[in-house]
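Following: one structure in structure tokens, then a few remarks.
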There are 2 protein chains.
Amino acid sequence: MIYNSVDCVIFGFIDEKLKVLLIKRKNDPQKGLMALPGDFLDADVSIYNSAENTLKKITSLEDIYLEQIRAFGEIDRYPDKRVITISYYALINIEHYTPQAGYTAEKLEWCDIDALPELAFDHKDIINIAHKRLKRRVRNEPIGFNLLPEEFSLTNLQQLYEAILQTELNKRNFRTKINQMKLLIDTGKKQENVAHKPAKLYRFDENIYENLKEDGFYFNL
Amino acid sequence: MIYNSVDCVIFGFIDEKLKVLLIKRKNDPQKGLMALPGDFLDADVSIYNSAENTLKKITSLEDIYLEQIRAFGEIDRYPDKRVITISYYALINIEHYTPQAGYTAEKLEWCDIDALPELAFDHKDIINIAHKRLKRRVRNEPIGFNLLPEEFSLTNLQQLYEAILQTELNKRNFRTKINQMKLLIDTGKKQENVAHKPAKLYRFDENIYENLKEDGFYFNL
DNA sequence: CCAAAAGTGTTGTTGATACACCCATGT
DNA sequence: ACATGGGTGTATCAACAACACTTTTGG
């Protein structure tokens, strides 16, 4: 007998750092350990919908960026039973986030991507592979915006990319590239109550992106 | 009840074209249609090993480049039963290939990637996604060599890339880039019995690649 | 000696990188 | 007035694209 589960790597951008939302397991196996939120799969739910359901249960969010990573199917990855898990990663805007511990989790916690605690099963591998995928994706598609508030400064955006890619980027060149793409809309607003020149705030416009994509657009950082 | 299967998209490079190896289904459902080779998953076999087994049964090949694409889990992708399939793609060198129709297939056939016949289930989607993945991978890692004979000319290599990427490449620039990478070893041999200047034959050296990779190597076409 | 494909030299353009400077705001 | 981070101008250099040319073989 083979069981299927769906696990979610939920990324958030908090305090200029890339974080993953983890649960503390309430039940055995691996009770007490931190783990990815997830569920066993029902026969009448598609895997994508199952990931959406998990996400909604945990964060109360819908219509979130969600992409499958892959299936993890080593024989002994789960004790006693044969469980193949299909994992997804999600990008959420923490402005909209409402935490919800729920029935499988004792508590929820945002963990720094490069300071993960001990994790249940093969969940650390899954997170690492999710992070690799995110690094690649973020270079070719402007999905990073899903992690930011609706209005953000160019510095916010640069810090996000630095956190994801784990490198430092040159300010001048980063801004030139972003401007060339013409993806951002100036909201006309500025930061307030900051002890320096206030930054302009921008919005990402999905429509502009869709139009650009038709001409064979390539988001290159 | 949920069933799991593993399907393989087997790529080959024949007559300057990228091909996929398909079977003609011997049994219902979808008897008579062309489909990807694959099997139901046993509870005591890892998904990777299951893909390897399918590959061996069909092609008699072992130690082949094999990478998971992802799981396909729509509710109605398979008639009557709920079957989630996990698909892999493989790159084989047709020099070494021994066809083997076996028990699920009436016959085997290499089909041109851009002239696929009608296919069973969602297998056309799977092939398209496999091809997209191959296009991306081939730009960042020198996996293309798995599709070529051990000794090949630069023109062979260029034609392979053109077939995979479905574009034309400039001869001069292609060769310059390949040379810059210093991945190829000159075998000292040349083509024979050709009515033009014979091309030099090269080998790809895995060791050189492994060394380069440590310095953060990037195969950029 | 001709056809065919292998293989090379060169040049203008584009884009990445680096560095230094000015600007607006709160304290 | 000054500390702080926002925002811009520009020179240099490496990478890319494009084109035309020479070379070696079989017939």
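Chain letters run A, B, ... following the sequence lines, proteins first and then strands; every chain starts at 1. The basis for the numbers below is simple: all heavy atoms, side chains too, and nothing from hydrogens, waters or symmetry mates.
If you find the closest nucleotide of DNA chain C to A/Val194 and to B/Ala195, the one lying nearer the 5' end belongs to B/Ala195. DNA chain D is contacted by both A/Ala199 and B/Lys190; A/Ala199 maps to the nucleotide lying nearer its 5′ end (nearest heavy atom per residue). Nearest-nucleotide positions on DNA chain D for A/Asn173 and A/Pro198 put A/Pro198 closer to the 5' end.
Counting atom types as modelled, B/Arg172 pairs no side-chain N or O with a base atom of C/dG7 as donor and acceptor under 3.5 Å.
Backbone-only engagement by A/Thr155 is indicated by non-hydrogen atom pairs under 4.0 Å involving sugar-phosphate atoms exclusively. Residue-level contact check: B/Lys171 touches the bases, meaning some heavy atom is under 4.0 Å from a base atom.
For the pair B/Lys177 NZ and C/dT8 P, the interatomic distance rounds to 17 Å; values are reported in whole Å. The nearest whole Å value for the distance from the CG atom in B/Asn156 to the C1' atom in C/dG7 is 15 Å. Here the P atom of nucleotide C/dT27 and the CD atom of A/Glu192 are 13 Å apart, to the nearest Å. Between the CD atom of A/Gln158 and the C1' atom of D/dG5 there is a distance of 12 Å, given to the nearest Å. If you take CG of B/Leu184 and C1' of C/dG7, they are 15 Å apart, rounded to a whole angstrom. Between the CD atom of B/Gln180 and the C1' atom of D/dA15 there is a distance of 8 Å, given to the nearest Å. Counting to the nearest Å, the C1' atom of C/dC23 and the CG atom of A/Leu154 are 16 Å from each other. In this structure, B/Asn179 places its CG atom 14 Å from C1' of C/dG9, rounding to the nearest Å.
Using cut-offs of 30° and 60° for the angle between ring planes, the B/Phe145 and B/Phe204 rings count as parallel. Taking the six-membered ring where the residue is Trp, B/Phe174 and B/Tyr161 present tilted rings, their angle falling between 30° and 60°.
B/Lys57 has a carboxylate O that lies under 4.0 Å from a charged side-chain N of B/Asp39, or vice versa, which qualifies the two as a salt bridge.
Neither OP1 nor OP2 of D/dA3 sits under 4.0 Å from any side-chain N or O of A/Lys197.
Side chain to side chain, B/Asn207 and B/Glu210 fail the donor-acceptor criterion of an N or O pair below 3.5 Å.
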Tabulate below the donor-acceptor pairs under 3.5 Å that side-chain atoms of residues 176-183 of chain B make, not counting sequence neighbours, or state none.
unit_1, atom_1, unit_2, atom_2, d
B/Thr176, OG1, B/Arg172, O, 2.7
B/Thr176, OG1, B/Arg172, NH1, 3.0
B/Asn179, ND2, B/Arg175, O, 3.3

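When distances run from any side-chain atom of B/Arg175 to the nucleotides D/dT4, C/dG26, C/dG7, the shortest one goes to C/dG7. Residue A/Asn170 places its side chain closer to C/dA18 than to any other of C/dA18, D/dA18, C/dA4.
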